[in-house]
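Input: a single structure, listed below in structure tokens.
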Amino acid sequence: MSSHKRHAAADRDRDRDRDRGSDGELGPHGAVPPTLPHFAHITRYWDRVHRRFAAKLLPGEYYVTTAGEQIVTVLGSCVSACVRDRRLGIGGMNHFMLPLAASKGASSWGTAVSAATRYGSEAMERLINDILKLGGRRESLEFKLVGGGKVLAGIAIDIGVRNIEFVRKYVADEGFSVAGQDLGDIYPRKVHYSPDTGKLRVQKLTAVRNKTLFERERHYLEVLDSETVGNDIELF
Amino acid sequence: MAQLIMTVDDSASMREMVRATLQSAGYEVIEAIDGQEALEYARENTCDLVIADVNMPRMDGITLVSELRALPHYRLTPLLLLTTESSQEKKLEGKRAGATGWIVKPFNPERLLATMARVL
């Protein structure tokens, strides 16, 4: 066995140990439930505390499950919409914020078509569309909203509040109601959402310990602001 | 007389954004909430251009394009699909159904208007 292969084998053993539940149960590592191909990049793992699979979202990602998985993320000033079909117990969550620079003054297009609004609407629509494609129906969708804390120091405007205002308005404009929410305040949040039951668990985190979170959000914001929103057009 | 554009989307927010963009450029706009409603309007009326979402209840945008192409007065009308879908397979379905072009959301208002001007 080459040294490279030995290392890989050792890594696998370590992974298996990590995935072993406290009662010795082997988490079905490598056998995560099937999902849609465009979710292949989402990190999923066996959560041995809750004894179920979990998907972990980073800023800008979203995930939809039909397999009773939990969806986990950490939110600073970003928001997540937790959406499910309460009849089928399938659903998902997104994790986004509105771009900053592009929304300044909302340009000549007015607030209805600012780049920020278009980006946010797309983040919401992708999530909702996937649930509908998997058999969900608009009239049985349940919405819970979370995040939007005022956590990023050094940015003059409260971007958490903008994200909250956007997501509330979007849900209202689309004719949905909000079944639960935990928004605003000054804390980062760790969020666990179970689309099968609709349960949303929120842990408020102390800000000082979350440097990675702030760096991630700042980076996400920088990437958003440097991207031109909407350029993919093809004429046949 | 202003050209009449039909925007078809099940999302009220998206219809609002498309309408605001088109009206700012002087177009007249009619909205439909899904493919079925759009088709019913189109059977009795002509439009200069149609912008339709793909994923919609009752009738999706690709079916709408096929149905419109079967109507004599929509044989040559520019039909644009505006969607979150960006896969080649979906695009090919749209092209085969007779769509004029494919625009992935989030859309850029300037580029949407420029694309419309090219096909109108």
Side-chain angles (χ1 to χ4, degrees), chain A residues 36-38 60 62 64 94 96 98-99 102-103 106-141 166-176 224 227-236, chain B residues 9-25 33-34 51 53-58 60-61 65 78-116 118-119:
Chain A
L36 295 169
H38 58 266
Y62 79 109
V64 173
N94 57 19
F96 69 101
L98 304 185
S103 66
S107 82
S108 55
W109 306 103
T111 50
V113 268
S114 73
T117 310
R118 282 179 281 125
Y119 180 83
S121 303
E122 189 236 358
M124 291 299 295
E125 191 176 350
R126 276 184 196 278
L127 170 63
I128 294 168
N129 273 352
D130 275 5
I131 299 169
L132 299 181
K133 266 193 253 176
L134 292 166
R137 288 211 306 250
R138 275 185 98 86
E139 58 274 20
S140 38
L141 293 186
F166 167 79
V167 75
R168 279 193 170 141
K169 182 174 185 313
Y170 182 91
V171 171
D173 285 352
E174 294 295 321
F176 298 115
L224 279 183
E227 277 174 1
T228 316
V229 174
N231 270 312
D232 188 357
I233 296 180
E234 189 176 331
L235 287 180
F236 298 133
Chain B
D9 205 303
D10 56 328
S11 158
S13 317
M14 192 53 67
R15 289 199 306 274
E16 165 69 17
M17 285 190 275
V18 173
R19 191 171 53 73
T21 302
L22 300 187
Q23 284 178 342
S24 74
I33 61 162
D34 57 31
I51 302 175
D53 186 20
V54 169
N55 300 304
M56 294 182 287
R58 297 210 298 168
D60 67 82
V65 167
L79 308 177
L80 299 174
L81 290 166
L82 174 61
T83 172
T84 53
E85 301 276 351
S86 58
S87 74
Q88 281 308 318
E89 304 86 81
K90 276 280 174 192
K91 281 187 188 175
L92 199 60
E93 268 184 59
K95 186 178 177 177
R96 287 202 181 115
T100 312
W102 190 278
I103 302 168
V104 178
K105 294 173 186 171
F107 72 94
N108 173 317
E110 287 89 352
R111 294 217 42 208
L112 175 67
L113 292 173
T115 305
M116 288 172 56
R118 277 184 62 188
V119 297

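Here is how names work: the chains are called A, B, and so on, in the same order as the sequence lines, proteins then strands, and each is numbered from 1. It should be emphasised that the depicted structure is a prediction, and the values quoted were computed from it without experimental measurement.
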Check: B/Phe107 main-chain N/O paired with A/Arg118 side-chain donor or acceptor under 3.5 Å:
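Indeed, once roles are kept as given, a pair shorter than 3.5 Å links the two residues.
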Under the 3.5 angstrom rule, does the side chain of A/Glu234 hit a backbone N or O of B/Gly101 as a donor-acceptor pair?
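No, because the side chain of A/Glu234 does not come within donor-acceptor range (under 3.5 Å) of the backbone of B/Gly101.
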Answer yes or no: are there more than 12 heavy-atom neighbours, outside B/Arg58 itself, under 6.0 Å from its atom CZ?
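Enclosed.
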Taking CZ in B/Arg118 as the centre, count heavy atoms belonging to other residues, nucleotides or ligands within less than 6.0 Å. Is the count above 12?
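Check fails, neighbour count at 12 or below.
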Chain A contacts, top residue of B/Met56, B/Glu85, B/Lys91, B/Met14 (heavy-atom pairs, under 4.5 Å)
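Answer, by heavy-atom pair count under 4.5 Å with chain A: B/Lys91.
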Can you tell me how far apart [atom1] ([X]) and [atom2] ([Y]) are? Round to the nearest 0.5 Å.
| X | Y | atom1 | atom2 | value |
| --- | --- | --- | --- | --- |
| B/Ser11 | A/Ile128 | OG | CD1 | 7.5 Å |
| B/Leu80 | A/Phe236 | CG | CZ | 9.5 Å |
| B/Leu112 | A/Ile233 | CG | CD1 | 6.5 Å |

Working for side-chain contact (heavy atoms from CB on, under 4.5 Å), residues A/Glu125 and B/Asp9:
CA-CA 11 Å; A/Glu125 191 176 350; B/Asp9 205 303; 4.2 Å; yes
Under a 4.0 Å N-O cut-off, is there an ion pair linking A/Asp232 with B/Lys105?
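Answer for the salt bridge query: no.
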Out of A/His38, A/Met124, A/Arg137, A/Arg138, which one racks up the most heavy-atom pairs below 4.5 Å with chain B?
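If we count pairs closer than 4.5 Å to chain B, A/Arg138 comes out on top.
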Is there a donor-acceptor contact under 3.5 Å linking the side chains of A/Glu122 and B/Thr84?
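Checked: A/Glu122/B/Thr84 side chains show no N/O donor-acceptor pair below 3.5 Å.
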Is there side-chain contact between B/Asn55 and A/Lys133, with heavy atoms separated by less than 4.5 Å?
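Yes. Closest side-chain heavy atoms under 4.5 Å.
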Please state whether the side chain, the backbone, both or neither of A/Asn129 comes within less than 4.5 Å of a heavy atom of chain B.
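For A/Asn129, side-chain heavy atoms alone lie under 4.5 Å from chain B.
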Residue B/Asp10 versus chain A: region with a heavy atom under 4.5 Å
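Contact with chain A is through both the backbone and side chain of B/Asp10.
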